> 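Mind looking over this structure? Questions follow.
Just so it is clear, the model here is predicted, and its values are computed rather than measured. Basis for what follows: all heavy atoms, side chains included, without hydrogens, waters or symmetry-related copies. Letters A, B, ... are given to chains in the order of the sequence lines, protein chains preceding strands, and every chain is numbered from 1.
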Protein chains: 2
Amino acid sequence: MLKNKSMYAILGILSLAPSSGYDIKKYSDKVLSGFWNENFGHIYPTLKRMLEDGMIEIVSGDKNEKKVRYGITEKGKQEFDAWLLEESQQQPVRSEFMLKLLFSSGQPRENVIHMLVNYKELHIKNKENYLGILKDLEEGIQEISKERVFFHKAILRKGILSSEAMIRWCDETIEELQPKQP
Amino acid sequence: MLKNKSMYAILGILSLAPSSGYDIKKYSDKVLSGFWNENFGHIYPTLKRMLEDGMIEIVSGDKNEKKVRYGITEKGKQEFDAWLLEESQQQPVRSEFMLKLLFSSGQPRENVIHMLVNYKELHIKNKENYLGILKDLEEGIQEISKERVFFHKAILRKGILSSEAMIRWCDETIEELQPKQP
DNA sequence: CATACAATATATCAGAGTGATATATTTGTC
DNA sequence: GACAAATATATCACTCTGATATATTGTATG
């Protein structure tokens, strides 16, 4: 059996509500973004294979509904639950920014500072984004079950703490690079 | 031109010292680990292509040296420096742990707590690892130029701050999940 | 009402990256 | 001298990414 991680993301999303490939992409961009990403080039072939394997089935809500929506099957639910209990594997990391920084000892200081300022701004935006979603969650704008709100909030809190750590690190590092004003 | 990021990592490593494919892997596991990863399945084909493109050349330190070592060429240096000035692209993220957590609302609490305890331990180990390398750097055990030490330390500091944030988040989240003792 | 533009929806492909595996040599060490 | 561990190179199936093509539906604006 192939260990296609996209399959589990898709099963998770379909366990909430039957969706089209496009819906899956939207959910992944909106809710999972920050710790997971999916793209069409992977979603559609995976859906096709999952259908063949009996993990999902085509459901039609309305009679005259045209778009294809997929729902999770009993087999799919079992597969998903088994995965939830597995030990998570560490995903490989690749930060182009960090790689550049390590090899920047020959660069002019202002270039390096510029890099760090950009990076800081990125994390400020990320943090604001997380705070916005958190606010929506707390005001109950999203239609989401109460049990799930706790986990949503936990994930957002992780993003916020992480962004704050990065902003602090940027400040520290920029400070050290700045020529001292006497 | 293909945008193979491994090429830049390899160029960076070769700009420090001529190395074999195996040396590149070792350096990447030891120094870059935490923000970058390389594997043989990518290193060897990339080296082959870089040789064809004139980015690197075969150098022989000793006369009777058997293993093939590659050095960076002038063209390779130019390519590398141009890359350093480019805006860094964001790499896609995939955290299986976070994905599981989001969909864990139906799981028993103790399972979720167990997941978080494991995750916390992972980050404690990461932090200790970074602190160890930092100590070595400060004691000057590593043979590394003074200009480069600053960047090495900055990267380690980032890892440490990041780990600390994750440890704090695990503690917070476990605390909230723990049944209150009156 | 037309027309233009954005959002919805599905699909494919080249190429980047991963992880596992095979294999052979050299170097230490008991 | 035997055996294990480290060094070294290579290949392959599979996963994942990013770009692109294409057609339809919804909606806003003159």
Side-chain angles (χ1 to χ4, degrees), chain A residues 1-10 13-14 18-30 32-33 35-53 56 58-62 64-70 83 88-96 99, chain B residues 1-11 13 18-30 32-33 35-53 56 58-62 64-70 83 88-96 99:
Chain A
M1 178 74 82
L2 308 174
K3 39 189 163 171
N4 182 333
K5 304 292 178 190
S6 289
M7 184 178 90
Y8 298 107
I10 293 172
I13 294 167
L14 294 185
S19 313
S20 67
Y22 194 79
D23 291 336
I24 290 167
K25 174 75 170 121
K26 259 198 308 180
Y27 188 89
S28 135
D29 284 351
K30 197 179 148 210
L32 308 187
S33 92
F35 64 91
W36 195 264
N37 77 315
E38 283 299 339
N39 52 28
F40 290 128
H42 217 184
I43 290 172
Y44 287 107
T46 303
L47 280 173
K48 197 179 269 178
R49 224 202 56 209
M50 288 166 76
L51 198 60
E52 283 166 16
D53 293 351
I56 56 174
I58 292 171
V59 296
S60 36
D62 267 292
N64 53 353
E65 200 170 15
K66 273 177 190 168
K67 77 169 182 180
V68 179
R69 288 198 303 155
Y70 300 94
W83 169 76
S88 289
Q89 292 168 249
Q90 281 210 82
Q91 257 64 40
V93 206
R94 284 200 149 190
S95 163
E96 203 181 349
L99 189 63
Chain B
M1 176 74 81
L2 308 173
K3 39 192 165 170
N4 181 332
K5 305 291 181 194
S6 289
M7 183 177 89
Y8 297 107
I10 293 173
L11 284 175
I13 294 167
S19 314
S20 68
Y22 194 78
D23 291 336
I24 290 168
K25 175 74 169 123
K26 259 198 308 180
Y27 189 89
S28 135
D29 285 352
K30 198 180 146 210
L32 308 188
S33 93
F35 63 91
W36 196 263
N37 77 315
E38 284 299 340
N39 51 29
F40 290 128
H42 217 183
I43 290 171
Y44 287 107
T46 303
L47 280 173
K48 198 179 267 178
R49 223 202 59 209
M50 288 166 76
L51 200 59
E52 283 166 16
D53 293 351
I56 56 174
I58 292 171
V59 295
S60 38
D62 267 293
N64 52 353
E65 200 171 14
K66 273 176 189 166
K67 79 170 180 180
V68 179
R69 289 198 301 155
Y70 299 94
W83 170 75
S88 288
Q89 293 167 249
Q90 280 211 83
Q91 257 64 39
V93 207
R94 284 199 148 192
S95 164
E96 203 181 349
L99 189 63

> Between A:Phe40 and B:Arg94, name the one whose nearest nucleotide on DNA chain D is closer to the 5' end.
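In this pair, the answer is B:Arg94.
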> Taking the side chain of B:Tyr22 as heavy atoms from C-beta outward, which of D:dG18, D:dA6, C:dG17 is closest to it?
D:dA6
> Could you give the CD1-to-P distance, from A:Ile24 to C:dT8, as a whole number of Å?
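Whole-Å distance recorded here is 15 Å.
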> I want to verify a distance call: between D:dA10, D:dC16, C:dA11, whose nearest atom is closest to the A:His42 side chain?
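Closest nucleotide among those given: D:dC16.
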> Taking only the side-chain heavy atoms of A:Pro92 (C-beta and beyond), determine which of C:dG19, C:dT8, C:dA16 contains the nearest atom.
C:dG19
> What residues form a side chain to side chain contact (heavy atoms under 4.5 Å, CB included) with B:Glu96, not counting sequence neighbours?
A:Lys5, A:Trp83, A:Ser88, A:Gln89, A:Gln91, B:Lys100
> Nearest to the side chain of B:Lys48, heavy atoms from C-beta on, is which of D:dT11, C:dG17, C:dT10?
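Taking heavy atoms from C-beta onward, the closest nucleotide is D:dT11.
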> Work out which heavy atom in B:Pro92 is nearest to a heavy atom in A:Asn37; give both atom names and the distance.
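Heavy atoms only, the tightest pair is CB-ND2, 3.4 Å.
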> Within less than 4.0 Å of OP1 or OP2 of C:dG17, is there a side-chain N or O belonging to B:Asn37?
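Result: no.
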> At 4.0 Å (heavy atoms only), tell me whether A:Lys5 reaches a base, stays on the sugar-phosphate, or touches nothing.
sugar-phosphate
> For B:Asp29 and D:dA8, give me the distance from atom CG to atom P, rounded to whole Å.
14 Å
> Please determine whether a side-chain nitrogen of the Lys or Arg among B:Glu38 and B:Lys26 lies less than 4.0 Å from a carboxylate oxygen of the Asp or Glu.
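Not counted as a salt bridge, because no side-chain N and carboxylate O are separated by less than 4.0 Å.
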> Just the rounded figure in Å: distance from P of C:dG17 to OH of B:Tyr8.
11 Å
> Roughly how many Å is it from CG in A:Leu51 to P in C:dA11, rounded to a whole number?
11 Å
> Any side-chain N or O of B:Tyr44 less than 4.0 Å from the OP1 or OP2 oxygen of D:dT9?
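For D:dT9, OP1 or OP2 has a side-chain N or O of B:Tyr44 closer than 4.0 Å.
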> B:Lys26 or B:Val93: which one's nearest nucleotide on DNA chain D is closer to the 5' end?
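This one resolves to B:Lys26.
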> Looking at side-chain heavy atoms only, is the closest gap between A:Val59 and A:Tyr70 below 4.5 Å?
no
> Yes or no on side chain to side chain contact (heavy atoms under 4.5 Å, CB included) for A:Asp53 and A:Met7, after CA distance, side-chain angles and deciding distance?
CA-CA 11 Å; A:Asp53 293 351; A:Met7 184 178 90; 5.8 Å; no
> Check the phosphate of C:dT8 against A:Ser20, side-chain N and O only, distance under 4.0 Å to OP1 or OP2. Yes or no?
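For A:Ser20, the contact criterion (side-chain N or O under 4.0 Å from OP1 or OP2 of C:dT8) is not met.
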> Looking only at atom types and distance, does a side-chain atom of A:Asp23 sit under 3.5 Å from a main-chain N or O of A:Ser20, one as donor and one as acceptor?
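Judged by distance alone, yes, a pair lies under 3.5 Å.
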> Whole angstrom is fine here: how far is it from CG in B:Asn4 over to C1' in D:dG18?
15 Å
> If the helix axis at each end comes from five base pairs, how far does the helix from C:dC1-D:dG30 to C:dC30-D:dG1 deviate from straight, to 10°?
30°
> Counting heavy atoms from C-beta on, name the nucleotide in C:dA16, D:dA8, D:dC16 closest to the side chain of A:Ser6.
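Shortest atom-to-atom distance from the side chain points to D:dC16.
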> When rounded to the nearest 0.5 angstrom, what distance separates CG in B:Leu47 from NE2 in B:His42?
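Nearest 0.5 Å value for the CG-NE2 distance: 11.0 Å.
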> Roughly how many Å is it from CZ in A:Arg49 to C1' in D:dC16, rounded to a whole number?
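Value for this atom pair: 13 Å.
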> Taking any heavy-atom pair under 4.0 Å as a contact, classify A:Gly41: base, sugar-phosphate, or nothing.
base
> Could you tell me the separation between the CD1 atom of B:Ile10 and the P atom of D:dT9, rounded to a whole number of Å?
12 Å
> Separation of B:Ile43 atom CD1 from D:dT7 atom P, in whole Å?
14 Å
> Looking at every heavy atom in both A:Leu51 and A:Ile56, which two are closest together, and how far apart are they?
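Smallest heavy-atom distance, with atoms named: CD1-O, 3.4 Å.
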